[in-house]
**Student:** 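Take a look at the following structure, please.
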Amino acid sequence: MRLRVEFATEPFDLDEAPAHAVVAREVIRTAELDAVDVGPFGNTAEGGADQVLTAVDSLLRKALDSGATRVSLQVNVIGEDTP
């Protein structure tokens with residue numbers, strides 16, 4: 001199964017990316033995912049179910065440990081893995 005995760009961390013800071021946002025983006029960038037898109041108000045990534053779920057676990061733990069007070073995320077099934 002392939003999944004897409006979309007997420008944002010709060011609180012927002014329009015002048016400088018907060019530590020929790022930087023950490024969350026780095027988790028996604030370094031995970032074994034594809035179609036990664038990071039931006040100032042939302043981030044998306046796609047990959048196999050195991051890879052996405054592992055990345056989401058790490059993202060939640062590290063963002064909260066780095067000061068996030070809210071993590072909004074959505075996970076969607078987008079298809080089946082191809083062998």
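Position 1 is the first residue of the sequence; numbering continues from there. Hydrogens, waters and symmetry mates are skipped; everything else that's a heavy atom, side chains included, is used.
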**Student:** Locate the shortest heavy-atom distance separating Asp13 from Asp15; write the atom from each residue and the value.
**Tutor:**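 Shortest heavy-atom contact: OD1-N, 2.8 Å.
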**Student:** Among Leu53, Ile78, Asp50, which residue satisfies the side-chain contact (heavy atoms from CB on, under 4.5 Å) criterion with Leu3?
**Tutor:**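 It is Leu53; the other options fail the test.
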**Student:** Distance from Leu60 atom CG to Asp65 atom CG, nearest 0.5 Å?
**Tutor:**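 These two atoms lie 10.5 Å from each other.
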**Student:** Per the salt bridge (Lys or Arg N to Asp or Glu O under 4.0 Å) rule, what does the pair list look like for residues 52-62, sequence neighbours excluded?
**Tutor:**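 Qualifying pairs, neighbours excluded: Asp57-Arg61.
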**Student:** Determine whether Met1 and Val56 fall in the same hydrophobic cluster, where Ile, Leu, Val, Met, Phe, Trp and Tyr are linked whenever their side-chain heavy atoms lie under 4.5 Å apart.
**Tutor:**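 Same hydrophobic cluster.
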**Student:** With the 4.5 Å side-chain cut-off for hydrophobic clustering, are Leu64 and Val75 part of the same group?
**Tutor:**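 Leu64 and Val75: one cluster.
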**Student:** Quick one: side chains of residues 18-38, donor-acceptor pairs under 3.5 Å with protein atoms, not counting sequence neighbours, listed by atom name and distance.
**Tutor:**
unit_1 : atom_1 : unit_2 : atom_2 : d
His20  : ND1    : Thr9   : OG1    : 2.9
His20  : NE2    : Pro11  : O      : 3.2
Arg25  : NH2    : Gly39  : O      : 2.8
Thr30  : OG1    : Glu26  : O      : 2.8
Thr30  : OG1    : Val27  : O      : 3.4
Asp34  : OD1    : Arg2   : NH2    : 2.9

